[in-house]
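The structure appears below as structure tokens.
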Number of protein chains: 2
Amino acid sequence: MIEILKAISDETRLRIFAQIIKDDMCVCEIEACLGLTQSNASRHLSILKKAGILDSYKKAQWAYFKVNENFISQERELYEYLISHLSEIAGYEEDCKNYNKCKACDLCSFKE
Amino acid sequence: MIEILKAISDETRLRIFAQIIKDDMCVCEIEACLGLTQSNASRHLSILKKAGILDSYKKAQWAYFKVNENFISQERELYEYLISHLSEIAGYEEDCKNYNKCKACDLCSFKE
DNA sequence: TCCTTATATGCGCATATACGAATATACTCA
DNA sequence: TGAGTATATTCGTATATGCGCATATAAGGA
């Protein structure tokens, strides 16, 4: 519980969470969408994964991250809380715009 | 939101929250109940208050802390999450025992 | 195999946070 | 007013955290 709360109580990680709930994203999409360096994006993603908030899978050379289904079911109230307070996250609107741009230009050549 | 999450994602502060939801407590009760030093207890309480999770009032020389009603209403899902996961807090059972002892021996001479 | 791309991780630095001890402040009561 | 008690705050220190840079690892394609 503490690990989950610590993981999510960071602005950058909240921003990641807020975008990734829309759809799975690979590291380079997160980087581009939020304007993070590669190492920083990777590190925050691994913290979220270690806490059980995100899950990941590999497709070719890309690592895709998604919200962990167990997090949604086991930490339901916290999940609902985050979902209903997304707009309070600093830079949320901006991130959403960038998200749409990123998805539009098909950053990662892989598509199913 | 970030401030609230940061405030509550600390083991000591979670322990304080877990006991204080039962009833208002003064600083010396928190100290005794959780085995904290005076300065440490005071500091954590002020962080929780600053984040809007707790509220306080003075009675003679005692400072009583309680859960902030606005927190309960405005951060409902988070509040529910915390309430339903109290037993996961490290040392919770022990703290509860100490809470009962503290309340029994009427630490602070003031009673309404 | 060599090169390119994507991702993870080690390292060092700057800053944030938690803590105890000491001190300051506020209130009560004799 | 002065002693005693409760609480808040300051200070110094130890540890944790976030970050960029450099490097390691892994996968794909020429």
Side-chain angles (χ1 to χ4, degrees), chain A residues 2-17 20 24-51 53-66 90-91 102 105-112, chain B residues 2-17 20 24-51 53-66 90-91 102 105-112:
Chain A
I2 280 274
E3 189 179 7
I4 292 172
L5 289 169
K6 276 187 192 297
I8 207 61
S9 65
D10 172 89
E11 187 171 298
T12 304
R13 291 192 289 270
L14 258 182
R15 288 173 62 207
I16 291 175
F17 177 83
I20 228 167
D24 304 6
M25 293 174 83
C26 69
V27 183
C28 58
E29 284 174 325
I30 295 282
E31 285 174 56
C33 175
L34 305 192
L36 303 177
T37 63
Q38 184 273 319
S39 64
N40 204 18
S42 174
R43 239 187 309 246
H44 281 304
L45 285 163
S46 79
I47 288 171
L48 287 166
K49 181 178 176 183
K50 185 160 179 297
I53 297 172
L54 299 185
D55 200 0
S56 71
Y57 55 94
K58 283 267 205 175
K59 274 273 170 70
Q61 68 267 52
W62 293 281
Y64 280 79
F65 285 82
K66 53 175 287 193
C102 286
C105 59
D106 201 20
L107 245 183
C108 297
S109 45
F110 166 83
K111 279 290 163 253
E112 65 278 32
Chain B
I2 282 275
E3 189 177 8
I4 292 172
L5 288 169
K6 276 188 193 295
I8 206 61
S9 66
D10 172 88
E11 188 171 297
T12 304
R13 291 193 289 269
L14 259 183
R15 288 174 62 206
I16 290 175
F17 177 83
I20 229 167
D24 304 6
M25 293 174 85
C26 68
V27 183
C28 58
E29 284 174 326
I30 295 282
E31 285 175 57
C33 175
L34 305 192
L36 303 177
T37 63
Q38 185 273 320
S39 65
N40 204 20
S42 175
R43 236 186 317 241
H44 281 303
L45 286 164
S46 79
I47 289 171
L48 288 166
K49 181 179 176 180
K50 184 161 181 296
I53 297 171
L54 298 186
D55 200 0
S56 72
Y57 56 93
K58 281 267 204 175
K59 274 271 169 71
Q61 68 267 54
W62 294 281
Y64 279 78
F65 286 82
K66 52 176 288 193
C102 288
C105 57
D106 200 21
L107 244 183
C108 296
S109 44
F110 166 83
K111 278 290 164 261
E112 67 280 24

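Here is the naming used below: chain letters follow the sequence lines, and residue numbers restart at 1 for every chain. Quick caveat: nothing in here was measured; it's all calculated off a predicted structure.
For B/L14 and C/dA18, the CG to C1' distance is 15 Å, given to the nearest whole Å. The distance from atom CD of B/E31 to atom C1' of C/dG20 is 13 Å, rounded to the nearest whole Å. In this structure, the CD1 atom of A/I2 is 14 Å from the C1' atom of C/dT17, given to the nearest Å. In this structure, A/Q61 places its CD atom 10 Å from C1' of D/dG29, rounding to the nearest Å. Spacing between atom CE of B/M25 and atom C1' of D/dA6 amounts to 15 Å, rounded to whole angstrom units. We find that CG of A/L36 is positioned 14 Å from C1' of C/dT7, with the value rounded to whole Å. If you take CD of A/E11 and P of D/dG18, they are 12 Å apart, rounded to a whole angstrom.
When distances are taken from the side chain of B/A63 to each of D/dT7, D/dA6, C/dA6, the shortest belongs to D/dT7. Proximity note for A/A60 (side chain, C-beta onward) versus D/dA27, D/dT7, D/dG18: the nearest is D/dA27. Checking C/dT28, D/dT7, C/dC19 against every side-chain atom of B/K58, the shortest atom distance belongs to D/dT7. Among the nucleotides C/dT17, D/dT7, C/dA6, the one closest to any side-chain atom of B/W62 is D/dT7.
OP1 and OP2 of D/dG18 both lie 4.0 Å or more from every side-chain N or O belonging to A/N40. Residue A/S39 has no polar side-chain atom (N or O) positioned under 4.0 Å from OP1 or OP2 of D/dG18.
A 4.5 Å side-chain heavy-atom check between A/L48 and A/I20 finds every atom pair outside the cut-off. Using a 4.5 Å heavy-atom cutoff, the side chains of A/I16 and A/F65 are not in contact.
Of the residues in residues 42-51 of chain B, those with a non-hydrogen atom less than 4.0 angstrom from any atom of DNA chain C are B/R43, B/H44.
Between the side chain of B/Q38 and the base of D/dA6, no donor-acceptor pair of N or O atoms lies under 3.5 Å.
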